[in-house]
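In what follows, every chain begins at residue 1, and chains take the letters A, B, ... in the order their sequences are listed.
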Number of protein chains: 2
Amino acid sequence: MKPENRKQEIINAAAVLFKEKGYSAVTMRDLASAMGIKAASLYNHIQSKQEILSNIIISLAEEFSTGINSINNSETNAIQKLEKIIELHIDVTLRNADGLASLNNDWMHLEENNLLYYEKMRREYEDIFRAIVKKGIRAGDIKTYDVEIIVFSTLSTLRTLYLWYPKQKKINPELLKHDMISVLLKGLV
Amino acid sequence: MKPENRKQEIINAAAVLFKEKGYSAVTMRDLASAMGIKAASLYNHIQSKQEILSNIIISLAEEFSTGINSINNSETNAIQKLEKIIELHIDVTLRNADGLASLNNDWMHLEENNLLYYEKMRREYEDIFRAIVKKGIRAGDIKTYDVEIIVFSTLSTLRTLYLWYPKQKKINPELLKHDMISVLLKGLV
DNA sequence: GTCTATATAGGGATAGAC
DNA sequence: GTCTATCCCTATATAGAC
């Protein structure tokens, strides 16, 4: 096994533990034990605990950043863009639900430039999302509720998918996408 | 100042810090510093760090438990019950947004009986919520999407309110309730 | 690539003076 | 009710043998 693979194994194992207890409560001994080795051995593959966290979070944040920019640049209306954003979140959740726990709950433990970089991406993501909703309202495609409430309620559902999805083993991704789009955009009543 | 007041001050200060960094990353020295005293002095008012956490979480969980039981026992239809649940979450968030961060993110650091007690209340809360949605679907008041998706998307929005509300200082609670009910129940489109 | 041993720092909590 | 001093434990990380 090449070092890069072993490193990724460690990062994946860490993501599972971080999801269960949070970054701060997981020790390098916990992580080593989950890998079946001693804590000191981890340092042959990674430089620090912090490096593991930034690896998990930054790659995910960049995925969302790339995704929403590509969606935003497409020639579609606001509703279609929101549908694409919902699909983006579902796709990322299917691929890396564990890592999303750190993205959502442990980003504040990033250090220095990584923290600033994360915060910048998050701000830009929300700005694009907000702009899409505003355009949709102006075009008459979206009802004229408070923009912030719409952005918040939609995003909080999408961001929490990682908690919920693993418990619904049987659910079909296509059904999930369809019903999630319906529930979020067309309401329950 | 009576000891009970001082104790509550400590718990309130702790809730703010737990919200910012999470239970595990906040030290008793951090908390003491926020109170303007030394760490050892905290122990004149509280027995342990764990006691602070359980105070924050258990009282909030009991509030939700009482609230949803009372709503569920009222003679109203599913939609009216859901509206009341949304109001319940908004009311609790207005009163104690800081504590809700611990309820949502740090419950797994509860110990022994408190952990079991919390998990029981949470399970019962979700069961009641799910039963209300199911009744609403059977009565034809709620569209026939996947029940779990409805429960999840609604609850995740309500549970995340604590993150979002403090940033919207100007928003009127009544407008918030009205628009939140509209967005969650009637959709965006 | 993993181990044992260890350095160094900081955690929660207590004792006892004031 | 708060302080200083301190106990004991565990954290991240490194050094060097195998």
Taking only nitrogen or oxygen atoms into account, show me every contact under 3.5 Å that the protein makes with nucleotides 4-11 of chain D, one pair per line with its distance.
{"from": "D:dA11", "atom 1": "OP2", "to": "A:Arg29", "atom 2": "NH1", "distance (Å)": "3.4"}

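- In this structure, B:Leu53 places its CG atom 12 Å from P of C:dA13, rounding to the nearest Å.
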Throw together a table of side-chain donor-acceptor distances under 3.5 angstrom for residues 83-97 of chain A, partners on residues two or more places apart or in other chains.
{"from": "A:His89", "atom 1": "NE2", "to": "A:Tyr125", "atom 2": "OH", "distance (Å)": "2.6"}
{"from": "A:Asp91", "atom 1": "OD1", "to": "A:Lys177", "atom 2": "NZ", "distance (Å)": "3.1"}
{"from": "A:Thr93", "atom 1": "OG1", "to": "A:His89", "atom 2": "O", "distance (Å)": "2.6"}
{"from": "A:Arg95", "atom 1": "NH1", "to": "A:Glu63", "atom 2": "OE2", "distance (Å)": "2.5"}
{"from": "A:Arg95", "atom 1": "NH2", "to": "A:Glu63", "atom 2": "OE2", "distance (Å)": "3.2"}
{"from": "A:Asn96", "atom 1": "OD1", "to": "A:Gly99", "atom 2": "N", "distance (Å)": "2.9"}

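- Rounding to whole angstrom units, OH of residue B:Tyr43 and P of D:dC3 are separated by 14 Å.
- For B:Tyr165, there are no ring pair (Phe, Tyr, Trp, His ring centres under 6.0 Å) partners, not counting sequence neighbours.
- Put simply, NE2 on B:His109 is 16 Å from P on C:dG11, counting in whole angstrom units.
- Nearest nucleotide to the A:His45 side chain, out of C:dG1, D:dG1, D:dA13: C:dG1.
- Following rounding to the nearest Å, A:Glu111 (CD) and D:dT12 (C1') show an atom-to-atom distance of 12 Å.
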Donor-acceptor contacts, no H, no angles, side chain residues 15-26 of chain A, under 3.5 Å, sequence neighbours left out:
{"from": "A:Tyr23", "atom 1": "OH", "to": "A:Gln50", "atom 2": "N", "distance (Å)": "3.4"}
{"from": "A:Ser24", "atom 1": "OG", "to": "A:His109", "atom 2": "NE2", "distance (Å)": "3.4"}

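- For A:Asp179, there are no salt bridge (charged side-chain N to carboxylate O under 4.0 Å, His left out) partners, not counting sequence neighbours.
- One interatomic measurement links the two molecules: CD1 of B:Ile46 to C1' of C:dA13, which rounds to 9 Å at whole-angstrom precision.
- Remark: P of D:dG1 and CG of B:Leu42 are 13 Å apart, rounded to the nearest angstrom.
- Side-chain contact of B:Glu9 with B:Asn5: a donor-acceptor pair under 3.5 Å is absent, judged by distance alone.
- In this structure, B:Gln50 places its CD atom 9 Å from P of C:dA13, rounding to the nearest Å.
- Under the salt bridge (charged side-chain N to carboxylate O under 4.0 Å, His left out) criterion, B:Glu111 pairs with no residue at all, not counting sequence neighbours.
- C:dG10 atom C1' lies 16 Å from atom CG of B:Leu31, rounded to whole Å.
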